[in-house]
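Below is one structure; the comments refer to it alone.
Letters A, B, ... are given to chains in the order of the sequence lines, protein chains preceding strands, and every chain is numbered from 1.
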Protein chains: 2
Amino acid sequence: MKLDAIDRKLINLLQKDSKQTTKQLSLQLDLSVTAVYERVKKLEKEKVISKYVALIDNRKVDKSFLVFCHVKLIQHSREYLSVFEREILKLDEVSECFHIAGDYDYLLKIYVKDMEEYREFMVNKLTTIKHIGSTQSSFTIGEVKNSTEIAL
Amino acid sequence: MKLDAIDRKLINLLQKDSKQTTKQLSLQLDLSVTAVYERVKKLEKEKVISKYVALIDNRKVDKSFLVFCHVKLIQHSREYLSVFEREILKLDEVSECFHIAGDYDYLLKIYVKDMEEYREFMVNKLTTIKHIGSTQSSFTIGEVKNSTEIAL
DNA sequence: GCTTTGGGTAGAATATTTTTCTGTTTTTAA
DNA sequence: TTAAAAACAGAAAAATATTCTACCCAAAGC
């Protein structure tokens, strides 16, 4: 799918606030309500927009402790990678998990209540996964930027 | 604000899909439309729900290359930290930036088109920021999980 | 040159949803 | 136990989303 300048501007608006009415969007884009409506529907149909979600303030739900954890497996066999990834998907505390190149194999973003809950998570959940070689945890001191936007 | 079991279930539903109608939510929560409506409004008012956004497929908008970059400053003075953070906020490619404890000071999540665009970003943007000691980039090979949900 | 076709658009209509309103039930605290 | 506050339900009203019809305009073909 090809995106023109209007599509990109529309995507940016929806990345910032998806609760805007098509009327509001139409004013900002200098288009009719119908024109905006059909562009949005097309972006949804083509899966450019994958979903609409509510973002939650982690402090307000008592998940103030954010940790990034690097994980190294003992081997890089397809089998080991597959097992690890399947098990990670079961852990709700892990909001993000990426397979990365470099010294460590995976980078995890983990939301918990506090250090105690993190210890529980490490001891009873993460490190029970097979084939993990080593881990290194980085505790978040401050949040400079935590956006879901992708700049176009 | 105190959250009961219904609030948590509601938050989970909205974290997964914020386009559901209050009617749909009411069926899943066994409540009336009005009861759901008022709970949602309260969560918004209390900023438990911070915003509603559209999530974009990075591959569909030609930002397939995801990089995590660790940054170390030459010193940890308030001044240096402040300058760095202010400059990072200006860089659209950086979707996340956290101040972390450990060997490196910051962890950045960066969406770009490809390695060439990343090189451009490093040379012309990131490394032009004052007081940076060293950086280490981790390129993403695969995406196991990339959620915005916080498990409650 | 003229017509045809299709994509994008606009405005009006209809359908759906949100929001408000009123009254009731339940919970909380004195 | 009772008064006050909070939570809830159903209906009415307001706003919005969605559909429908028609228009415009550029490119392609006769």
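Contacts of Lys16(A) classified as salt bridge (charged side-chain N to carboxylate O under 4.0 Å, His left out), with partners at least two apart in sequence or in another chain: Glu149(A). Take Asp105(B) and apply the salt bridge (charged side-chain N to carboxylate O under 4.0 Å, His left out) test, not counting sequence neighbours, and it matches no residue.
One interatomic measurement links the two molecules: NZ of Lys2(B) to P of dA6(D), which rounds to 14 Å at whole-angstrom precision. Atom OH of Tyr52(A) and atom P of dT17(C) are 16 Å apart (whole Å). When rounded to the nearest whole Å, the span between CG of Asp30(B) and C1' of dC8(D) equals 14 Å. Per the geometry, NZ belonging to Lys41(B) stands 16 Å off P belonging to dA7(D), to the nearest Å. Atom NZ in Lys45(A) sits about 17 Å away from atom C1' in dT18(D), given to the nearest Å.
Tyr118(A) and Phe139(A) have perpendicular rings, their planes meeting at more than 60° on a 0 to 90° scale where under 30° would count as parallel. Aromatic ring pairs are classed by plane angle as parallel below 30°, tilted from 30° to 60° and perpendicular above 60°; the pair Phe84(A) and Tyr106(A) is tilted.
Over its full length, the helix from dG1(C)-dC30(D) to dA30(C)-dT1(D) turns its helical axis through 30°, comparing axes from the five pairs at each end and rounding to 10°.
Under the 3.5 Å distance criterion, the side-chain polar atoms of Glu93(A) are left unmatched by any main-chain donor or acceptor of Ala151(B). With Thr22(A) contributing its side chain and Val36(A) its backbone, the two residues share no donor-acceptor pair below 3.5 Å.
Summarising the hydrophobic clusters (Ile, Leu, Val, Met, Phe, Trp, Tyr; side-chain heavy atoms under 4.5 Å, direct or chained), the residues clustered with Val53(A) are Leu55(A), Val53(B), Leu55(B).
At a non-hydrogen distance threshold of 4.0 Å, Thr21(A), Thr22(A) from residues 13-23 of chain A come into contact with DNA chain D.
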Lys60(A) and Lys47(B): side chain to side chain contact (heavy atoms under 4.5 Å, CB included), yes or no, with the steps? CA-CA 8 Å; Lys60(A) 296 278 175 66; Lys47(B) 298 284 184 191; 3.4 Å; yes
For Arg8(A) and Asp4(A): C-alpha separation, side-chain torsions, deciding distance, then whether side chain to side chain contact (heavy atoms under 4.5 Å, CB included) applies. CA-CA 6 Å; Arg8(A) 282 192 291 272; Asp4(A) 64 15; 5.8 Å; no
Run the numbers on Ile74(A) and Ile132(A) for side chain to side chain contact (heavy atoms under 4.5 Å, CB included), then give the verdict. CA-CA 6 Å; Ile74(A) 54 175; Ile132(A) 289 183; over 6 Å; no
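Applying the 4.0 Å criterion to OP1 and OP2 of dT18(D), one finds that Tyr37(A) has a side-chain N or O inside that range.
Aromatic ring centres of Phe68(B) and Phe98(A): separated by under 6.0 Å.
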Dump the pairs, protein N or O against N or O of nucleotides 7-9 of chain C, anything under 3.5 Å, distances to one decimal.
from	atom 1	to	atom 2	distance (Å)
dT9(C)	OP1	Arg39(A)	NH2	3.1
dT9(C)	OP2	Arg39(A)	NE	3.4

